[in-house]
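Sharing a structure, written as structure tokens. Questions coming.
Letters A, B, ... are given to chains in the order of the sequence lines, protein chains preceding strands, and every chain is numbered from 1.
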2 protein chains.
Amino acid sequence: MAQALRFRQVPPALKASCQQCSLSNLCLPLAVEENDLGSLEEIVQQGRIYNRGEHIFDQSTPFRSCFAVKSGSIKTSIISESGEEQVTGFFMPGELVGLDSMSGESYACTAKALERTSVCEFPVDKLEELTGKLPDLQHHMYRLMSQEIQNSHQLAMLLSKNTAEERIAALLLSLSSRFQRRRMSPTNFSLPMARNDIANFLGLAVETVSRVFTRFQNQGVIRARGREVELLDLEALQLVTREFSRQCNQ
Amino acid sequence: MAQALRFRQVPPALKASCQQCSLSNLCLPLAVEENDLGSLEEIVQQGRIYNRGEHIFDQSTPFRSCFAVKSGSIKTSIISESGEEQVTGFFMPGELVGLDSMSGESYACTAKALERTSVCEFPVDKLEELTGKLPDLQHHMYRLMSQEIQNSHQLAMLLSKNTAEERIAALLLSLSSRFQRRRMSPTNFSLPMARNDIANFLGLAVETVSRVFTRFQNQGVIRARGREVELLDLEALQLVTREFSRQCNQ
DNA sequence: GTAGTTATTTGACTTGCATCAAATTGGATG
DNA sequence: CATCCAATTTGATGCAAGTCAAATAACTAC
């Protein structure tokens, strides 16, 4: 309660409304008409703030809601019976978490805040009711879920066919464009996740991730000090991700 | 036209209606009330029959419809600019193809018939209209898409963490349970896809797939002659897929 | 049937990345 | 600021699976 209040004051003069949210052009409001925004605001709940490492939900939590990241970032992962973790995604402000969980009783993954993170909560029963009434919103939901399938296919492709360098270049570029969407620097940002999470996500050993980072650094492609990263040569990175395709071509 | 007619006669005494379709308990009709079935039947189009190798759609086809497999099987893959292929899925009767394409103008992948295959076509504009009216159908669509995200995450997990043997065991078990759902033998079936497709899908070299098949055969776990496969020891296969987790545990 | 083509199998060799081990850095806490 | 624990980096070594090569085997079409 106190936290929520405090948060609302952080971006000064912003109420907890979709209409005023700086992310409305990335998030669900993007899909609804001006005059339908009210009905979306009615169902969205101002979520609490999570500290780094806190779970938003885990695989034993009954599935109730999807969450939009408002600030901070979230890591989702599947934890198998034996306790091994597979990171399935990283979510940045404006992105929707939980779409993979709409087919079961519990969440299909565990969502953990990578840093101090605030979210908006969309209870799915109400959301489904609303998408039944607002064709544009329904259409947008289909688009979002479809996009998530595509992303996941891209990841599978990366994992099955690309080298360590290519995978890491692809991740850096993905982060870069997601920062850019939010009008932040696409070349100068701070990684929200640890090397370990990168390694797990990309199906590599931590040591390999570390080695590739230093290799890129020595080549003058990036500059990295801890989690601070500067992409010095975007084109070189794009070239790395395409390298593989080129090789197959001839 | 002639083809559609001919097909309708193949399963004798079955009209081209969801109500009579033997797959209605797997496909979209599963979600709609008896008395709403009519509206679903109104929008579904009896698709044509595709011969082995024919494209149902490819990445340049404007996205219009999702397709339910009626008989036969379909392989979807992403073909990059350079022509390399990444198989993203295999679809069997009762399964819905195209859910990954709902966020763009064209299809996100290419769908190819692996054998003589018939489909039902669901134009998405009409489908979205209908799901807006039938909450149960909408809910089912969300479930299906969500399931597809999960499947894709599972695949990514398989690709990033598991050995060749584990991947192949997992695929065989997946096929097995999908045959079982259709009340066919879970231990004795014919692979719809070539070794090459299996290799591509699982991120392996064809040679490796072949070697694992013979290894499994020598261990008495399966019996394989060409595409005919018999799973002799389901438990052993399940053990293989869990092997990895066990190892991590201790 | 037979030639031509493609799919599958088997063997020999190579390699990218994992693994193991240990040093170094960075953050958190009292 | 000193201690502790976790994260990151670097080096040395081994192996699973890729690659190359070549021999079947299975289809196709004439």
Check the orientation of Tyr107(A) and Phe63(A). Use parallel for under 30°, tilted for 30 to 60°, and perpendicular for over 60°.
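It falls in the perpendicular class, over 60°.
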Counting primed atoms, P, OP1 and OP2 as sugar-phosphate and everything else as base, the B/S/- map of nucleotides 12-24 of chain C against protein heavy atoms under 4.0 Å is B----SSBB----
Terminal helix-axis angle for the helix from dG1(C)-dC30(D) to dG30(C)-dC1(D), with five pairs defining each axis and rounding to 10 degrees: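 One end's axis against the other's: 60°.
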### Task
Would you kindly give the CG-to-P distance between Leu202(B) and dA17(D), to the nearest whole Å?
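Computing the Leu202(B):CG to dA17(D):P distance gives 12 Å.
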_So if I apply the side-chain hydrogen bond (donor to acceptor under 3.5 Å, both in side chains) rule between Lys75(B) and each of Thr110(B), Asp197(B), Asn200(B), which one comes out positive?_
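Going through the options one by one, the only one that passes is Asp197(B).
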key: Minimum heavy-atom distance Glu166(B)-Leu158(B), with the two atoms named   =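 The pair with the smallest heavy-atom distance is O-CD1, 4.4 Å.
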*Electrostatic pair Glu85(B):Lys112(B) at N-O distance under 4.0 angstrom*: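 So Glu85(B) does not pair with Lys112(B) through a salt bridge.
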- Verify, without hydrogens or angle tests, whether Arg167(A) (side chain) and Leu159(A) (backbone) share a donor-acceptor contact under 3.5 angstrom.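 Checked: pair present.
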TODO: Using distance alone, with no hydrogens and no angle criterion, decide if Ser177(A) and Arg181(A) have a side-chain donor and acceptor under 3.5 Å apart.
DONE: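 Judged by distance alone, the side chains do not pair up.
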So, do Ile198(A) and Leu191(A) sit near enough that their side-chain heavy atoms are less than 4.5 Å apart?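 A side-chain contact under 4.5 Å exists here.
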Notebook entry, point to check: Does CZ belonging to Arg182(A) count more than 12 external heavy atoms closer than 6.0 Å?
Noted result: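 For Arg182(A), atom CZ is crowded (more than 12 foreign heavy atoms under 6.0 Å).
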Show the atom names and distances, to 0.1 Å, of all donor-acceptor pairs under 3.5 Å that link a side chain in residues 201-218 of chain B to residues at least two apart or in another chain.
| from | atom 1 | to | atom 2 | distance (Å) |
| --- | --- | --- | --- | --- |
| Thr214(B) | OG1 | Ser210(B) | O | 3.3 |
| Thr214(B) | OG1 | Arg211(B) | O | 2.7 |
| Arg215(B) | NH1 | Glu165(B) | OE2 | 2.7 |
| Gln217(B) | OE1 | Ala224(B) | N | 2.8 |
| Asn218(B) | ND2 | Thr214(B) | O | 3.3 |

Using modelled atom types only, decide if a donor and an acceptor are shared between the side chain of Ser176(B) and the backbone of Thr187(B) within a distance under 3.5 Å.
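No, because the side chain of Ser176(B) does not come within donor-acceptor range (under 3.5 Å) of the backbone of Thr187(B).
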Mind running a 4.0 Å heavy-atom check of residues 189-199 of chain A against DNA chain D and sending the residues that fall below it, in number order?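 Residues of residues 189-199 of chain A that come under 4.0 Å of DNA chain D are, in numerical order, Ala194(A), Arg195(A), Asn196(A).
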* Ile168(B) has an atom CD1; how far is it from atom C1' of dT8(C), in whole Å? ->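 It works out to 13 Å between those atoms.
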5' to 3', nucleotides 23-30 of chain D under a 4.0 Å protein heavy-atom cut-off (B base, S sugar-phosphate only, - none) gives --------
### Task
For Leu159(B) and dA17(D), give me the distance from atom CG to atom P, rounded to whole Å.
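From Leu159(B) CG to dA17(D) P: 12 Å.
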Main-chain N/O of Thr76(B) paired to Thr88(B) side chain as donor or acceptor, under 3.5 Å
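Yes; judged by distance alone, with no hydrogens or angles, the pair exists.
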Quiz item: Below 4.5 Å, heavy atoms only, C-beta onward: do Pro186(A) and Leu231(A) meet side chain to side chain?
Solution: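 Pro186(A) vs Leu231(A): side chains apart.
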**Message:** Going by salt bridge (charged side-chain N to carboxylate O under 4.0 Å, His left out), name the pairs with one or both residues in residues 217-232 of chain B, residues two or more places apart or in two chains.
**Reply:**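 Qualifying pairs, neighbours excluded: Arg223(B)-Glu230(B).
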